[in-house]
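Chain naming here is simple, since letters A, B, ... match the order of the sequence lines and numbering starts at 1 in each.
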2 protein chains.
Amino acid sequence: MSTIYDVAHRAGVSPKTVSRVLNGDGPVGEKTREAVEAAMRELGYVRSNAARMMRAQKSGIIGLITGAISTRNQPSTQQGLPDLYIVQGIQRALESSGMTVMIADTAGRNDRVPHLIDTFLSHRVEGLIYVAEYHQEVNLPQLPDDTPLVLANCYDSRGTPSVVPDDRRLQADLVRRLIASGHRRIAYLSLRPDMAAGRLRPQGYRDALAEAGLPFDPALLVHVDFDQPEIGPQLLWDTIDRMLRLPEPPSVLCCGNDQMAMMVYGILRSMGRRVPDEIGVAGFDNYRAIAETLFPPLTTVELPYNAIGARAGERLMHLISGEGRDDHSPVLVAGPVHWRASVIELRPENVVTFRTLREESK
Amino acid sequence: MSTIYDVAHRAGVSPKTVSRVLNGDGPVGEKTREAVEAAMRELGYVRSNAARMMRAQKSGIIGLITGAISTRNQPSTQQGLPDLYIVQGIQRALESSGMTVMIADTAGRNDRVPHLIDTFLSHRVEGLIYVAEYHQEVNLPQLPDDTPLVLANCYDSRGTPSVVPDDRRLQADLVRRLIASGHRRIAYLSLRPDMAAGRLRPQGYRDALAEAGLPFDPALLVHVDFDQPEIGPQLLWDTIDRMLRLPEPPSVLCCGNDQMAMMVYGILRSMGRRVPDEIGVAGFDNYRAIAETLFPPLTTVELPYNAIGARAGERLMHLISGEGRDDHSPVLVAGPVHWRASVIELRPENVVTFRTLREESK
DNA sequence: CGATGTCATGACACCGATGTCATGACATCG
DNA sequence: CGATGTCATGACATCGGTGTCATGACATCG
């Protein structure tokens with residue numbers, strides 16, 4: 001691969017002049033510039049980042065650590081693929097900054113993280129983002145002070161800047177919407193409580209009930225470890241069966257995430273219950289490959305992983321440029337409810353009223 | 001960030017000695033080594049890749065270009081997330097080589113590819129892999145001769161080394177298995193024929209029929225653009241409806257991929273047809289988040305994207321090390337059929353026989 | 001005991017780009 | 001017309017490692 005010396009030689013100028021053409025800084029004569037550009041073209045010259053970075057002491061690289069790429073093979077496929085969307089959002093946010101994003105994958109092994117961090121440091125990254133697969137607490141090794149770090153979809157006890165989903169509020173928004181549609185007996189099938197989502201979402205569910213003055217019925221809130229290898233579906237079946245036999249059965253099953261909702265569809269079907277006429281189903285995540293393809297399409301709330309990534313990217317850029325509000329509190333991100341055919345409006349008259357009102361107000 | 005000079009100064013030795021400790025090449029006295037290691041630890045020294053790479057003229061970086069990360073937001077979610085698994089396989093294959101994999105994302109815009117290639121070249125990558133989202137022909141800009149390139153999940157007309165799925169054989173394997181289970185009227189709902197998968201898979205379907213001496217009925221092979229925004233589901237419904245009204249309706253619906261199969265589940269359900277008793281459904285991809293979670297679980301054939309990635313990684317390493325068979329033919333990758341509850345065995349007696357035979361042979 | 005070999009270490013150049021400073025050719029101004 | 005300023009360009013040092021060669025201290029051998 002050719003160097004500026006090759007280019008300089010061919011154009012009959014000094015390397016420094018080539019550098020000037022490359023960077024457009026110092027003044028360069030018109031003819032000289034053309035000669036240099038021609039030489040670069042002819043040689044297929046591409047600037048070496050290594051050399052440039054050595055002088056500049058800036059790598060222009062942002063390091064991204066994630067399990068997004070290698071974790072999907074796990075037996076329990078759990079959530080959708082949140083971390084992937086987060087990575088996407090980060091890329092989008094950093095695109096305009098001219099930074100190169102370097103992605104390293106944990107390959108599902110958290111013990112590799114320190115090694116990955118070292119690799120990144122050896123590339124002198126200007127900042128690091130750690131993306132967790134699901135909302136959780138993490139504990140990363142300490143970084144050198146001059147390398148800023150942002151946590152996405154996770155947080156730690158050291159107050160490292162982080163961006164996380166507002167699970168509680170999202171779930172409350174969805175349940176509010178169900179209540180507004182006339183549903184009164186709303187069941188909640190929660191994820192395991194050792195996950196942040198399994199704690200915060202039920203809280204949001206209860207928030208919405210309380211707001212509406214509806215009683216909280218413990219029989220309608222169950223944690224189901226639905227993605228356990230063998231017995232998961234059975235656990236889910238039993239739970240639903242029990243709920244449907246209650247004196248006052250629920251009119252909607254709110255699921256911990258969209259994948260659980262997909263499984264619930266199958267179970268209700270083989271129980272002979274029709275969705276949504278006999279019983280509604282709602283999800284969480286707006287994992288579109290599922291929510292839009294299921295039949296009927298799934299009502300769910302969008303956890304905007306893209307936005308989480310974007311916010312994390314922005315936050316990191318702020319840290320790097322130093323223009324920081326040194327605000328250490330986590331950034332909470334929420335998203336919209338997607339109302340689809342898996343839940344019926346128990347008060348169609350209201351909808352008519354609303355529509356009528358809007359028509360009238362035109 | 002500290003340098004070997006800092007370390008050398010602190011340990012009271014020359015930079016060269018520090019370098020020797022780092023690389024373990026030249027002889028170093030026991031006490032000296034300890035002193036240097038202590039100094040490195042105290043300073044939190046991390047070697048600069050830029051400087052090292054400059055001398056060594058080797059970056060130790062492999063460039064990966066993919067849309068895996070940013071394409072998921074498309075309205076039509078089409079396939080699963082193949083490219084992601086491919087990236088995973090590549091990482092696994094390259095892990096042991098000590099190479100750092102740098103991933104760049106097209107952000108869904110193919111016009112960005114040349115820019116990404118330039119960025120990679122400026123980092124002096126030792127090789128490049130281009131990963132396509134689905135099996136297709138591509139046309140990348142020419143690379144400098146000294147930078148090897150491997151295409152994964154795609155191919156070009158220049159004979160660039162490539163690794164692609166053996167769609168034809170995979171589909172044939174699945175259909176063979178259906179035939180072996182006693183199915184005779186097998187419908188095939190194909191993807192659009194402008195995709196490689198929409199051409200090769202139907203061929204495999206016909207191969208298997210021909211082998212078994214079964215007639216090919218054009219009424220049972222239809223291309224359905226099922227993931228079209230609005231009308232997709234309707235198209236699929238109409239097609240299935242037409243097939244089920246045939247004088248001799250199919251006993252299994254073979255779908256172009258798992259996501260189409262998921263949609264077919266919903267449609268059959270609302271038609272009041274039970275899976276698998278009244279009609280079987282088979283997919284393609286073994287997209288586990290769907291295949292294993294659907295109820296009943298989906299019979300499908302595994303397109304081992306991981307393996308495609310792994311093979312691509314290996315092929316690139318061969319090209320880099322030069323120990324090449326300069327074999328320009330594409331590498332075809334196949335995978336196993338996963339037999340699940342979405343298709344019944346029409347000849348249970350055979351299964352009993354097999355089992356009995358195995359029991360007896362013990 | 002002198003010649004030769006091995007070991008531990010350092011001096012120095014070099015990789016490719018770029019910041020600093022210098023230089024020569026002109027243009028402008030008092 | 002000489003002083004000063006601007007423009008286009010080049011010489012040289014430098015970034016942080018590492019390859020090459022040199023050097024001094026010992027050990028070994030004939």
Do [X] and [Y] have side chains that get closer than 4.5 Å, going by heavy atoms?
X	Y	value
I129(A)	I65(A)	no
L140(A)	L149(A)	yes
Y45(A)	D6(A)	no

Original post:
Taking protein heavy atoms under 4.0 Å as touching, what does nucleotides 4-16 of chain C look like 5' to 3' if B marks base contact, S marks sugar-phosphate-only contact and - marks none?
Top reply: ----BBBB-BBBB
**OP:** Start with the C-alpha distance between E314(A) and R92(A), add both sets of side-chain angles, then the distance that settles salt bridge (charged side-chain N to carboxylate O under 4.0 Å, His left out), and finish with yes or no.
**Re:** CA-CA 10 Å; E314(A) 292 161 14; R92(A) 202 160 302 162; over 6 Å; no
Expressed as a whole number of angstroms, how long is the span from [X]:[atom1] to [N]:[atom2]?
X	N	atom1	atom2	result
D6(B)	dC15(D)	CG	P	11 Å
L43(B)	dG16(D)	CG	P	13 Å
D25(B)	dG19(D)	CG	C1'	10 Å

Subject >> Contacts of S19(A) that satisfy side-chain hydrogen bond (donor to acceptor under 3.5 Å, both in side chains) - sequence neighbours left out >> reply: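 Partners of S19(A) by the side-chain hydrogen bond (donor to acceptor under 3.5 Å, both in side chains) criterion, ordered by chain and then number, come out as N23(A).
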**OP:** Look at the aromatic rings of Y155(A) and H135(A) and report parallel, tilted or perpendicular, splitting at 30° and 60°.
**Re:**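 Perpendicular: the ring planes of Y155(A) and H135(A) meet at over 60°.
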**OP:** Could you please spell out the steps behind the salt bridge (charged side-chain N to carboxylate O under 4.0 Å, His left out) verdict for R41(B) and E34(B)?
**Re:** CA-CA 10 Å; R41(B) 233 174 297 119; E34(B) 278 163 22; over 6 Å; no
Original post:
So what's the dot-bracket for DNA chain D: Watson-Crick or G-U pairs under 3.5 Å, [ ] if a pair crosses, | if it pairs off-strand?
Top reply: ||||||||||||||||||||||||||||||
Subject >> Main-chain N/O of D156(B) paired with T160(B) side-chain donor or acceptor, under 3.5 Å >> reply: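 The answer is no, because no donor-acceptor pair under 3.5 Å joins these two groups.
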